[in-house]
Amino acid sequence: MSALRALALLAALGCAPAAGAHKGAPLAEPDFVPPAPGSYTLHRIMAAPDGRVLGTDGRAQSLARYTRDQITLLGFIYTTCADPEGCPLAYRVFDALKDAIAATPKLHGKVRFVTLSFDPARDSPAVMRHYAGSRAVEKKGGLRWYFLTTGSARELMPLVEGFGQDVRVTYDRSGARPKRELSHVLKVFLIDRLGDVREIYTSTFLYPRLVLNDIETLLMEEAGEDGRVPAMK
Amino acid sequence: MDHKNVVRIIGVFAAACLLFTHAASADETCNSPYISKLIKGQEDYVYVWTLGVDGMGDGSDKLVTVDVNPKSKSYGKVLHSVSTGTRAEAHHMGFTDDRRQLWAGGLSENRIWVFDIATDPAKPKLVRTIGDLGDKSGYLGPHTYYALPGRMLVQALSNTKDKGGVTGMVLYSNQGKHLASYAMPTSAGGDGYGYDLAVNPKKNVLLTSSFTGYANYMRPLGDLIKDGEAMKKFGNTMAVWDLKAIKPVKTLAVPGAPLEIRWSLNPRDNWAITAAALTSKLWLVKQDAKGEWQAKEVGTIGDPAKIPLPVDISITRDGKGLWVNTFMDGKTRYFDLSKPEAPRQTYEKVTGKQVNMISQSWDGKRVYITSSLLANWDKGGADNEQFLRGFAWNGKELTQAFEVDFAREKLGRAHHMKLGSKALRSAAAGG
């Protein structure tokens, strides 16, 4: 590693907080009684897109490897995001769900989490490894939580567009010169074992209890407990 | 797609790390709360979904872009028009949740036109036509286009079987794939009719209202009002739905065709307001002390005996004020909603010989009005003005700032409006 690269990595690691650093007020409970698992339908909104991603070890893999054969909860983040209603909220919800799933034996081995950066220039595999901290380590009864990034914006954009995770240009005109910025809206995607997106949560509907209900709904569908024929592909 | 600019932009972004990630609680006062991009400053464009008129221009329905930025050299002028090549009673439209596309439909055909407004916001481009709504659902006349995350919930007005008012909603993916259909409730007080829909995610509530079917809305108004039996076939209900499950949970009696539904945008509020067209009444939908959703008549618009016909309402971003357009007398009224249980009219002005839709900017300082209700319900002769008029509102007086004469420009009947901005050009387009 060159001195310059080492310096850049150190600087990046210094900027990027570990995901566990995202603290905040306790997660709010919904102000309504959600429908019971299995009492509603989660539609097949679209097939989850595929593309090349990098694990925390730097190895390239197909994203499909992380979105098939188990129920997947996938969220886009960038490690320096500080908006409390954005990436940190998603992380806190994932963290709460991880604990809930660990405490629910029937969900063991059924669910995985994927956190995918849309800031490949800053969020290298090493930065993502630092961000993940101990969360990526599977504990007994827990689940696998994968922290992924991409090698470049060229590899990232088809995934962003495929999921409908909008990234847009804005202009801050408050200063002397217009400053170009990008913005996105928090979205978390629930993907079934066949790789179809079945629910999309924004911050207004991202409650652990709702997500757990949806996971149970998918499991009931798989088991044929909702009266429907299990989906074939 | 062209990734070059995206790559460059991502590079800039990585350095800047300036992302705003929370979902907007509302749009320019009347859109789905799931729509992500508010125009909080000066809007650049008003998109006008325009009914074609036989012998006027190409006679087809079209999406017209009007420049509404006062600093622009072409302020108040038509910038662009994209024709559908057919005439299908163009009516309403709605943004997808990412505000990259605008879905627009007609009431006489089961087609939905999807326009790309992100690549060049000044020049929308027709990118897709969805034509399976009738085949998939049995419904007719797609009216309201309401964004849900990754999906569009469409409220229809009629059905293909008898063209009456019993209808439903249809759920599509943003890619235009039919996902599900939902019948309006016909039991427990439900009349099966539909018109508008609006959601309150905080309460997991979807509200719907009710109008009438194709057999009535495509009929000349003069004939219709003389037909007592036909006049009975208007909706008299609103329905409360479980938003997550999209299942009806309660029917509310709201007589006289309750039309547009507006939830208060104030984060502390959890009430919605609507106007019943035939009775000229304002209704408030709110939970009672037990948490039950109830509808309550709270105000009167003009003199109901003269049937002013309230046809559109627009709520201010703070939930403290409501614009009401009444078609027959051409008036635009402002109601003080500080006490939503007792709205009080504080202003009125004749803004046209016939007025229909009304939209306002996020800051409430600019108000836009169009003229057309339905092709066969618009007035005749000199009263059949067709326009988009822009007004300035200083809190006391509406002052007209510009007018586009849609007849003189050979465009057609000006109906629904949505606001646009140059800043909403997509990253993929290179900014």
Side-chain angles (χ1 to χ4, degrees), chain A residues 15 30-35 39-41 43-46 78 80-87 89-90 118-123 152-154 156-158 160-161 163-173 179-187 189 197 199-205 210 213, chain B residues 1 3-25 33-37 41 96-100 118 148-151 171 173-175 177 179-180 201-205 242-247 270 291 422-431:
Chain A
C15 284
D31 190 19
F32 55 86
V33 178
S39 69
Y40 54 93
T41 302
H43 301 288
R44 290 183 166 76
I45 299 169
M46 61 182 175
Y78 66 111
T80 48
C81 177
D83 182 341
E85 292 298 307
C87 314
L89 171 65
F118 52 15
D119 185 2
R122 183 181 290 263
D123 293 341
S152 65
R154 193 177 300 277
L156 169 71
M157 288 313 291
V160 167
E161 293 226 329
F163 275 106
Q165 172 63 74
D166 193 43
V167 181
R168 71 184 173 106
V169 182
T170 59
Y171 293 91
D172 179 358
R173 299 181 191 279
K179 191 165 63 176
R180 195 178 208 185
E181 302 169 349
L182 289 188
S183 68
H184 80 284
V185 166
L186 173 67
K187 285 183 178 177
F189 302 85
V197 174
E199 186 55 289
I200 303 170
Y201 310 94
T202 63
S203 60
T204 52
F205 239 37
L210 254 65
N213 282 3
Chain B
M1 66 169 278
H3 291 304
K4 288 182 180 175
N5 284 316
V6 175
V7 172
R8 179 165 51 84
I9 290 162
I10 289 286
V12 172
F13 141 73
C17 286
L18 288 166
L19 288 183
F20 304 97
T21 49
H22 49 89
S25 58
Y34 292 112
I35 289 175
S36 59
K37 302 158 187 169
T96 50
D97 63 330
D98 57 11
R99 206 166 177 154
R100 295 171 74 163
L148 303 178
R151 286 149 287 183
L171 184 67
S173 70
N174 279 0
Q175 291 74 32
K177 183 177 79 170
L179 299 175
K202 284 184 298 180
K203 292 287 184 180
N204 190 36
V205 165
D242 180 316
L243 169 61
K244 173 70 180 175
I246 314 190
K247 288 182 178 175
N270 283 300
K422 292 175 185 174
L424 297 180
R425 192 172 183 180
S426 71

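Per chain, numbering begins at 1; letters A, B, ... match sequence-line order.
For A:Phe163, the ring pair (Phe, Tyr, Trp, His ring centres under 6.0 Å) test picks out A:Phe76, A:Phe189, with sequence neighbours left out. Residues satisfying the side-chain hydrogen bond (donor to acceptor under 3.5 Å, both in side chains) test with A:Asn213, not counting sequence neighbours, are none.
Looking at B:Leu243, the atoms closer than 4.5 Å to chain A (heavy atoms on both sides) all sit in the side chain, from C-beta outward. The contact between B:Asn204 and chain A is made by backbone and side chain atoms together, counting heavy-atom distances below 4.5 Å.
Across B:Leu179, B:Ile246, B:Leu171, B:Asp98, the residue that shares the most heavy-atom pairs under 4.5 angstrom with chain A is B:Leu179.
A tilted orientation is assigned to the rings of A:Phe118 and A:Tyr78, their planes being inclined by 30° to 60°.
Residues B:Lys203 and A:Asp31 form a side-chain contact, since some pair of their non-hydrogen atoms from C-beta on lies under 4.5 Å apart.
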